[in-house]
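Predicted model, so just to flag it, every value in this text is computed and none were measured. Residue numbers begin at 1 in each chain, while the letters A, B, ... track the order of the sequences.
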Number of protein chains: 2
Amino acid sequence: MKRTVPKKVSTAAHERLASWIAARGLKSTRQRDLIVDTFFSQTGHLSVDELVEKAKQRDPSIGAATVYRTMKILTDAGLASARHFEGGQTRYEGALDRHHHDHLICTSCGNIAEFENERIEELQDRVAEEHGFTVTHHKLELYGLCAACQQRQSNPNRQR
Amino acid sequence: MKRTVPKKVSTAAHERLASWIAARGLKSTRQRDLIVDTFFSQTGHLSVDELVEKAKQRDPSIGAATVYRTMKILTDAGLASARHFEGGQTRYEGALDRHHHDHLICTSCGNIAEFENERIEELQDRVAEEHGFTVTHHKLELYGLCAACQQRQSNPNRQR
DNA sequence: TTCATTTTGAAATTGATTCTCAGTCTCGAA
DNA sequence: TTCGAGACTGAGAATCAATTTCAAAATGAA
Ligand SMILES: [Mn+2]
Ligand SMILES: [Mn+2]
Ligand SMILES: [Zn+2]
Ligand SMILES: [Zn+2]
């Protein structure tokens, strides 16, 4: 049985993906569209599991392998970026029209905040330079408790 | 003729481990000693595989599981720290009398350089503060090419 | 020496991700 | 339209690092 993909949003992301696919002889498929659609309709840093979950809600026959494969394509096309925070599973976030940023991760509730700090970036470059290194990419992650979790911790009654 | 007792290096590390072990009803074993000894006789950031390798050179019957278990103990005792660089396997480095530092990793030859930058640390704290976060730990890793590998790349003949 | 407890190595298991493969689907000819 | 080479898919097998299980061995306090 054939399932129609609901509303076809033709966003910049969809277009870029289309040309990326066309440019290398790939083919566009119903599953791919559904997964990409699902991914871009979300915000934040999704784990593959979460994505599989959401995708299966729309079409239970979607396989996890296809989600993995699709996210790899999106990443190669520069439309998503893979993040490897502590915890072992890869998370993806949209990368279109976004510049580099780093993260603050709450180890209690999993909340992830983003930040940019030009000064830090400069200092990193300087450090690399002093060591004769040419930096291609870096990872800066701050782990701890978010404001809400600190609150909860000092006053457990207010929780949730 | 009397055999010499295999040199028992009584370092600060060994002592701290001994009290850590005693304090919680653990037992000291031949394998543990051998692994700990092997670990501290090396410098740098060793993968568990590398450690297993070295340990087996001294006693081929050492099991990998024991190395994993021992490194966990050393880490809990604050004598080693686990690092999770890109590439998937955990690496350990000695942690005794060392303060916090971050890393520069060459993606070509695997060389790892260390650095400390108080200014960056301060800026990180400020960022966290602005977001209401309390940071417990962080990860700052700069990936790229070390000086030697840049050289090699621009002049392949000089290689090796 | 005794013996409760801890430790060990091998093998099984886990969890995330990748690979394999046989059946399907796409899409540019013809 | 139809055709077919090649791309794609889902399920399950395979990887890989790390953990767990388990029966046998070692440790150490009494
Ligand atoms: Mn982000
Ligand atoms: Mn280090
Ligand atoms: Zn939180
Ligand atoms: Zn190098």
Do any side-chain nitrogens or oxygens of S28(B) fall under 4.0 Å of OP1 or OP2 in dG28(D)?
-> yes
CD of E118(A) to CG of L123(A): how many Å apart, nearest 0.5 Å?
-> 10.0 Å
For L26(B) and A64(B), take the nucleotide of DNA chain D holding the closest heavy atom to each; which residue's nucleotide lies nearer the 5' end?
-> A64(B)
Is the backbone N or O of K139(A) less than 3.5 Å from a side-chain atom of K139(B), with the two atoms forming a donor-acceptor pair by type?
-> no
Salt-bridge contact R119(B)-E122(B) (side-chain N to carboxylate O under 4.0 Å) | yes
Check the interface with nucleotides 21-23 of chain D: list each N/O to N/O pair with the protein under 3.5 Å, or write none.
| residue | atom | partner | partner atom | Å |
| --- | --- | --- | --- | --- |
| dT21(D) | O4 | R69(B) | NH1 | 3.3 |

To the nearest angstrom, the NZ-C1' distance between K27(B) and dG28(D) comes to 6 Å
Roughly, in whole Å, what's the span from CD1 in I21(A) to C1' in dA7(D)?
-> 11 Å
Hey, is the side chain of T29(B) poking within less than 4.0 Å of OP1 or OP2 on dG28(D), counting only N and O atoms?
-> no
When the distance from CE of M71(B) to C1' of dA17(D) is rounded to whole Å, what number comes out?
-> 15 Å
Can I get a per-line list of side-chain donor-acceptor pairs under 3.5 Å for residues 85-92 of chain A, giving both atom names and the distance, sequence neighbours left out?
| residue | atom | partner | partner atom | Å |
| --- | --- | --- | --- | --- |
| E86(A) | OE1 | H137(B) | NE2 | 3.3 |
| E86(A) | OE2 | H137(B) | NE2 | 2.8 |
| T90(A) | OG1 | H84(A) | ND1 | 3.3 |
| R91(A) | NH1 | H45(A) | O | 2.8 |
| R91(A) | NH1 | E50(A) | OE1 | 3.4 |

Between E114(A) and R98(A), does at least one N-O distance fall below 4.0 Å, as a salt bridge requires?
-> yes
side-chain N/O S61(B) vs dT8(C) OP1/OP2, d < 4.0 Å = no
For atom CG of D33(A) and atom C1' of dT9(D), their distance in whole Å = 14 Å
Integer-rounded Å distance: dC27(C) C1' and R24(A) CZ = 18 Å
For the side chain of Y68(A), counting heavy atoms from C-beta on, which of dA16(C), dA18(D), dA26(D) is nearest?
-> dA16(C)
Within 45° of the axis and under 6.0 Å from the centre of the six-membered ring of W20(A), does NZ or CZ of R16(A) qualify?
-> no
Between C1' of dA17(D) and NZ of K72(B), the distance in whole Å | 12 Å
May I have the distance from Q31(B) (atom CD) to dA26(D) (atom C1'), rounded to whole angstrom?
-> 8 Å
Whole Å only: how far is the CG atom of L34(B) from the P atom of dT8(C)?
-> 11 Å
Below 4.0 angstrom from OP1 or OP2 of dT7(C), is there any side-chain N or O of R32(B)?
-> yes
All pairs passing salt bridge (Lys or Arg N to Asp or Glu O under 4.0 Å) where residues 99-110 of chain A contributes a residue, at least two apart | none
